[in-house]
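What follows is a set of notes on a single structure, which appears directly below.
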Amino acid sequence: QELPETVLLKFFRQENTPVPARPTPEQLSNLIKTSLHYPESFNHSFHQKSLCLVPVTLLLSNCSQAVVDVMIDLRHKPTSSEALEIHGSFTWLGQTQYKLQLKGQEVYSLQLKACFVHTGVYNLGTPRVFAKLVDQVTLFETSQQNSMPALIIINNI
């Protein structure tokens, strides 16, 4: 007796498959993608005006389909003395904390101003971004992964 050459397989899927209740910490730390947009170098006459103000755009992209609460903190300063020696210190002008809500896949543009008092190379990548899913009951937001250093050169003219 010969066996049939093809055998039909039937796959069954249970309709009420449980969905993972909570996202992993890695998923939570990748809810929001950030990028800074600014000039690579900026020329300023420190003799005429002691403060150099540079417009910077912080772009926030919600990588999830869910609504996300976002908190941006500009008060963070590099703690290592090496970072200060290399890049110097600068100040963000205006509001230092922002709270907003991004819909699924929404991109939001936040206009910032960086203030410099000396020439030099600076790292603008200091904003800390925290996020949590709106329907998630948690006391704190998850810190979002930081991007690469965002270096700007301030020149005196």
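Residue numbers run from 1 in the order of the sequence given. Every value quoted in this text rests on a predicted model; they were computed, and no experiment measured them.
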Report yes if some heavy atom in the side chain of Val54 is under 4.5 Å from a heavy atom in the side chain of Phe116; otherwise report no. yes
Is there a side-chain contact between Cys115 and Phe90 in this structure, where contact means two heavy atoms from C-beta onward sitting under 4.5 Å apart? no
As an exercise, state the distance from [atom1] of [X] to [atom2] of [Y], rounded to the nearest 0.5 Å.
X      : Y      : atom1 : atom2 : value
Leu36  : Asn123 : CG    : CG    : 9.0 Å
Arg75  : Gln97  : CZ    : CD    : 4.0 Å
Leu58  : Tyr108 : CG    : OH    : 10.0 Å
Ile32  : Phe130 : CD1   : CZ    : 13.0 Å
Glu106 : Asn62  : CD    : CG    : 7.5 Å
Gln105 : Gln65  : CD    : CD    : 4.5 Å

Shortest non-hydrogen contact from [X] to [Y]?
X      : Y      : result
Phe42  : Cys52  : CD2-SG, 3.6 Å
Leu124 : Trp92  : O-CZ2, 3.5 Å
Gln101 : Val134 : NE2-CG2, 3.4 Å
Pro55  : Leu53  : CD-O, 4.1 Å

Which atom pairs, one a donor and one an acceptor, fall under 3.5 Å between side chains of residues 148-157 and the rest of the protein, sequence neighbours left out?
{"from": "Asn155", "atom 1": "ND2", "to": "Asn43", "atom 2": "OD1", "distance (Å)": "3.1"}
{"from": "Asn156", "atom 1": "OD1", "to": "Phe46", "atom 2": "N", "distance (Å)": "3.0"}
{"from": "Asn156", "atom 1": "ND2", "to": "His47", "atom 2": "NE2", "distance (Å)": "3.4"}

Would you check, one step at a time, whether the test side chain to side chain contact (heavy atoms under 4.5 Å, CB included) holds for Leu133 with Val67? CA-CA 6 Å; Leu133 299 173; Val67 180; over 6 Å; no
Count the heavy atoms of every other residue, nucleotide or ligand shown that sit under 6.0 Å from CD of Glu40, and state whether that count exceeds 12. no
Does atom NE2 (His118) have a neighbourhood of more than 12 heavy atoms from anything else shown, all under 6.0 Å? no
Using the side chain to side chain contact (heavy atoms under 4.5 Å, CB included) rule, take Thr57 and Gln111 through it: C-alpha gap first, then chi angles, then the decisive distance, then the call. CA-CA 5 Å; Thr57 302; Gln111 302 304 316; 3.0 Å; yes
Look only at the side chain of Thr91 and the backbone of Leu93, and say whether a donor-acceptor pair between them is shorter than 3.5 Å. no
Donor-acceptor pair, side chain of His44 and main chain of Thr119, under 3.5 angstrom: no
Thr96: side chain to side chain donor-acceptor pair (under 3.5 Å) partners, not counting sequence neighbours: none
Applying the side-chain contact (heavy atoms from CB on, under 4.5 Å) test to Val70, which of Leu31, Leu110, Leu102 qualifies? Leu102
Test side chain to side chain contact (heavy atoms under 4.5 Å, CB included) on Thr34 and Leu59 and set out the steps. CA-CA 6 Å; Thr34 60; Leu59 215 57; over 6 Å; no
